[in-house]
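Have a look at the structure below before the remarks.
Both backbone and side-chain heavy atoms feed into the values below; hydrogens, waters and symmetry mates do not. The sequence lines fix the lettering, A, B, ..., with proteins before strands; numbering per chain opens at 1.
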Amino acid sequence: MNFLAELRGRLRTALTELIPSDVMTDVGPYAEMLKPTQDPKFGDFQANCAMSLGKLLKKPPRDVATDIVARLKLDDLCDAPEIAGPGFINLKLRTDRLATEAVALIHDDRLGVVAVPTPRTFVVDYSSPNVAKPMHVGHLRSTVIGQALDRVLRFLGHRVYSDNHVGDWGTQFGMIIYGYKHFRNEAAYQTAPVAELARLYRLVNQLSDYHEAVKTATALDAAVRLAETALSEAQRQLAANPKDKDAPKAVKKQEAVVAEAKAAVNSARKKREAIDNDPALQTLAAAHPQIAELARQETAKLHAGDVDNVALWKAFIPQCLAALESMYQRFGVKFDLTLGESFYNPMLTGIVDDLKSRGLARESDGATCVFVEGNAAPFIVQKADGAFTYATTDLATIRYRIETLHADTALYVVDARQGEHFQLLFATAKAMGLGQLESRHVSFGTILGDDRRPFKTRAGDTVGLESLLDEAIARARAIVDENDDGKKDGPELDTATRADVAEIVGIGGVIYADLHHNRDSDYIFSWDKMLAKTGDTATYIQYAYARVRGIFARNNIDADALRQAGGTILLNTPAERQMALQLLRFSEALSDVVVDYRPNLLTQYLYDTANSFATFYEQCPILKEPDATVRNSRLLLCDLTARVLKTGLNLLGIRVAEKM
RNA sequence: GCAUCCGUAGCUCAAUGGAUAGAGCAUCGGUCUUCGGAACCGAGGGUUGGGGGUUCGAGUCCCUCCGGAUGCACCA
């Protein structure tokens with residue numbers, strides 16, 4: 001049972017009785033004001049509606065509270081409600097009811113989580129890397145948050161399509177095709193095709209950047225001089241008018257412009273030097289002066305259906321997808337659909353025609369654009385050269401999700417930086433009659449390094465996801481080894497088990513560290529914090545699980561037999577009561593996650609559960625307990641704790657180990 | 001210039017318009033000759049960037065200023 005939902009239902013009934021329907025037709029929002037307390041001294045739940053209702057009904061809030069309490073039928077669930085302060089109604093669940101509900105969990109595979117009565121069809125669109133490039137740390141949050149939401153929605157009984165909207169059709173393919181045609185190392189391609197394709201992509205990119213850097217060198221220098229002139233002018237203004245409030249601001253701003261211009265010059269210089277210092281690259285650069293333009297033409301040819309390029313593309317794609325798949329296996333992620341950009345290609349002309357015929361799109365500077373009210377930037381659906389953009393693809397995707405998948409809600413688990421794009425996308429979709437799909441940008445912040453700049457390797461390169469996980473596992477392994485070697489009765493894990501535990505702890509740590517932050521915030525990446533044995537980490541929770549399982553294993557207690565044998569649960573101490581209550585709130589935690597798509601509410605719940613367990617475990621003897629009924633009750637609580645922790649962690653994509 | 005997000009303990013972060021703003025780390029101090037130690041309990045630490053406003057009640061909503069991040073026409 002979800003106590004919160006049940007209590008709100010009861011409150012709703014009472015409010016409907018109390019308030020005449022001509023005063024208020026929907027008491028729902030007031031019933032929602034029943035919430036868990038933040039402090040146990042106020043009980044388990046509190047209803048906060050009497051204060052605002054007092055205003056509305058022109059009665060003292062405490063009188064309203066009294067009226068509500070008189071109509072609330074809660075005898076079977078709660079002790080007598082208490083009215084406190086200005087009109088808070090404090091509720092405390094009956095301990096005997098907690099005990100019977102806890103017993104009900106023992107035989108419930110779903111641990112008290114009732115499937116939603118009206119399932120919706122969700123598309124969860126996440127991860128979405130470019131298939132031509134290896135995944136990097138920039139794909140971590142989308143993958144991790146997306147899969148957690150995916151699993152939680154499913155567990156709650158919704159229909160879910162997880163969809164990996166991969167980039168398999170964009171300009172990067174022109175670059176790869178160009179690279180393949182001119183620079184391919186056939187032997188390397190045969191043995192490790194994806195690595196070779198990635199090399200070709202980087203090479204073509206590097207050569208294009210080189211020519212661009214050479215071409216723009218004078219312009220970049222000029223921009224610096226211009227910015228410096230503007231800066232000295234701003235400084236002169238400041239000196240002349242020290243009282244001008246805006247003058248210091250202008251100086252600061254110009255300083256930023258100068259810094260930015262210099263950074264651009266530096267970055268261009270680095271790109272030139274990389275080639276200039278390498279004779280082999282120099283030769284290549286000289287031989288391919290038009291490389292950027294020619295690569296673009298390869299993309300255009302691919303899109304136009306050129307036989308050779310399409311054949312190459314068809315050869316590349318399965319290889320690229322297989323490489324991604326091995327990454328997803330490490331995370332335990334499975335997609336129902338992998339409908340990339342190329343899938344929607346045949347629908348794009350229709351989208352643009354539709355927009356034109358509805359009078360929504362028009363020409364501007366040669367491009368076909370939708371101008372959305374209140375937004376200065378256009379939503380470009382077709383470029384001047386005739387190519388479509390990701391805006392067009394995204395519109396086609398929405399139409400497909402409505403017409404073919406019959407989706408009710410689409411979640412886009414994508415970087416916050418694309419907020420404007422989604423605003424324009426959703427507004428345009430609505431304008432063209434695709435508003436029935438509830439679309440939601442589930443945005444998230446950036447992962448930062450110690451320096452508060454986006455997380456990079458020491459050399460300044462982006463961090464590959466593969467190596468990130470490898471390092472997490474290696475660090476976890478060192479901890480596992482140290483711990484196991486230090487055990488009082490000698491090591492207990494063999495090499496294979498240690499490797500297994502290291503992987504579970506390492507990857508779990510990475511996932512948990514990401515999910516336990518509010519997704520809106522940027523966060524600073526820290527190996528030490530993520531794998532710490534104490535504190536709010538996956539390891540701590542995984543260890544709580546292993547402790548429970550250890551009791552059963554070491555004493556040859558069979559959990560299944562224990563459940564089958566039944567028995568009662570006794571909640572005679574505060575720690576036991578708190579433990580049972582916490583376990584019974586699992587359902588509430590999962591519902592909370594889905595309200596605003598925030599997995600951190602589940603990490604918080606699991607950490608609290610592990611903490612409640614630590615207290616219970618400390619205060620309540622289990623095997624030493626002489627009374628067989630109490631002992632059995634405590635074992636049942638232990639078993640339930642293990643199941644909730646395991647199920648909860650699994651919903652976040654984190655595995656558990658029986659021994660650590 | 002316009003837009004979005006952020007500013008909370010020394011540090012890293014939570015907080016669904018509710019009562020005395022919470023965790024973890026770090027610091028300091030306790031408990032335990034363990035059924036089970038990668039243990040547990042406690043303390044100190046805050047004008048929630050500043051100032052206005054709405055509200056019975058604001059870290060949360062609105063306005064404004066300060067400070068930071070990000071994005072803004074043919075890459076996705």
With a cut-off of less than 4.0 Å, is there a side-chain N or O of A/Asn600 near OP1 or OP2 of B/rA15?
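For B/rA15, OP1 or OP2 has a side-chain N or O of A/Asn600 closer than 4.0 Å.
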Does B/rU34 have OP1 or OP2 sitting under 4.0 Å from an N or O in the side chain of A/Lys624?
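No, because none of the side-chain N or O atoms of A/Lys624 sits under 4.0 Å from OP1 or OP2 of B/rU34.
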Roughly, in whole Å, what's the span from [atom1] in [X] to [atom2] in [N]?
X: A/Tyr605; N: B/rA14; atom1: OH; atom2: C1'; result: 18 Å
X: A/Phe3; N: B/rU16; atom1: CZ; atom2: C1'; result: 20 Å
X: A/Asp39; N: B/rA15; atom1: CG; atom2: P; result: 19 Å
X: A/Ile541; N: B/rA23; atom1: CD1; atom2: P; result: 16 Å
X: A/Phe444; N: B/rU70; atom1: CZ; atom2: P; result: 16 Å
X: A/Leu602; N: B/rU16; atom1: CG; atom2: P; result: 16 Å
X: A/Leu590; N: B/rU16; atom1: CG; atom2: C1'; result: 16 Å
X: A/Asp596; N: B/rA15; atom1: CG; atom2: P; result: 10 Å

Checking A/Gln46 against A/Asn48: is there a side-chain donor and acceptor pair closer than 3.5 Å?
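Yes, a side-chain donor-acceptor pair sits under 3.5 Å.
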Under 4.0 Å, heavy atoms only, any strand: does [X] hit a base, just the sugar-phosphate, or nothing?
X: A/Arg453; answer: sugar-phosphate
X: A/Pro36; answer: base
X: A/Gln172; answer: nothing
X: A/Ser364; answer: base

Enter the distance from A/Asn130:CG to A/Cys320:SG here, rounded to the nearest 0.5 Å.
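Nearest 0.5 Å value for the CG-SG distance: 10.0 Å.
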Roughly how far apart are A/Cys369 SG and A/Arg362 CZ, rounded to 0.5 Å?
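It comes to 7.5 Å.
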base_contact_polar (B/rA69 base, A/Thr446 side chain, donor-acceptor, <3.5 Å)
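No, the side chain and the base share no sub-3.5 Å donor-acceptor pair.
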Using the [atom1] atom in both, what is the distance from [N] to [M], to the nearest Å?
N: B/rG17; M: B/rA58; atom1: C1'; result: 7 Å
N: B/rA9; M: B/rA21; atom1: P; result: 14 Å
N: B/rA14; M: B/rG24; atom1: P; result: 16 Å
N: B/rU20; M: B/rC25; atom1: C1'; result: 24 Å
N: B/rA3; M: B/rU64; atom1: P; result: 10 Å

First encountered from the 5' end of RNA chain B, between A/Leu601 and A/Ala377
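The residue closer to the strand's 5' end, by nearest nucleotide, is A/Leu601.
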Residue whose closest nucleotide on RNA chain B lies nearer the 5' end, A/Glu32 versus A/Phe371
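The 5'-side residue here is A/Glu32.
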In terms of side-chain geometry, is the basic nitrogen of A/Asp514 or A/Arg141 positioned less than 4.0 Å from the acidic oxygen of its partner?
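Salt bridge flag = yes for A/Arg141 with A/Asp514.
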Presence of salt bridge, A/Asp481 and A/Arg477, under 4.0 angstrom
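Answer for the salt bridge query: yes.
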Are any side-chain N or O atoms of [X] and backbone N or O atoms of [Y], one a donor and one an acceptor, separated by less than 3.5 Å?
X: A/Ser208; Y: A/Val204; value: yes
X: A/Gln542; Y: A/Arg655; value: yes
X: A/Ser612; Y: A/Asp608; value: yes
X: A/Thr615; Y: A/Asn611; value: yes

Between the protein and nucleotides 17-19 of chain B, list the N/O to N/O atom pairs that are separated by less than 3.5 angstrom.
| unit_1 | atom_1 | unit_2 | atom_2 | d |
| --- | --- | --- | --- | --- |
| B/rG18 | O6 | A/Asn48 | O | 3.2 |
| B/rA19 | N7 | A/Gln46 | OE1 | 3.2 |
| B/rA19 | N6 | A/Gln46 | OE1 | 3.0 |
| B/rA19 | N6 | A/Asn90 | OD1 | 2.5 |
| B/rA19 | N6 | A/Asn90 | ND2 | 3.3 |
| B/rA19 | N1 | A/Asn90 | ND2 | 3.4 |

All pairs passing salt bridge (charged side-chain N to carboxylate O under 4.0 Å, His left out) where residues 536-558 of chain A contributes a residue, at least two apart
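Found A/Glu492-A/Arg554, A/Arg549-A/Glu658.
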ring-ring contact (aromatic ring centres under 6.0 Å, His included) partners of A/Phe3, counting only residues at least two apart
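Partners of A/Phe3 under the ring-ring contact (aromatic ring centres under 6.0 Å, His included) test: none.
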More than 12 foreign heavy atoms under 6.0 Å from [atom1] of [X]: is that the case here?
X: A/Glu293; atom1: CD; result: yes
X: A/Lys487; atom1: NZ; result: yes
X: A/Glu82; atom1: CD; result: no

Measure from the side chain of A/Arg417, starting at C-beta and using heavy atoms only, and say which of B/rA73, B/rU70, B/rC56 lies closest.
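Of the candidates, B/rU70 comes closest.
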For RNA chain B, the dot-bracket pattern of Watson-Crick and G-U pairs whose distances stay under 3.5 Å, | for other-strand partners:
(((((.(..((((....[...)))).(((((.......))))).....(((((..]....)))))).)))))....
Across nucleotides 2-13 of chain B, 5' to 3', mark each nucleotide with B, S or - according to how protein heavy atoms within less than 4.0 Å reach it.
-B--------SS
Mark up nucleotides 36-48 of chain B, 5' to 3', with B wherever a protein heavy atom is under 4.0 angstrom from a base atom, S wherever such an atom reaches only the sugar-phosphate, and - elsewhere.
BSBSSS-------
So, for A/Tyr523 and A/His517, is the gap between ring centers shorter than 6.0 Å?
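Between A/His517 and A/Tyr523, which both carry aromatic rings, the centre distance is below 6.0 Å.
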Of A/Asn345, A/Thr393, A/Thr299, the residue whose pairing with A/Trp169 passes side-chain hydrogen bond (donor to acceptor under 3.5 Å, both in side chains)
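Exactly one candidate clears the test, A/Asn345.
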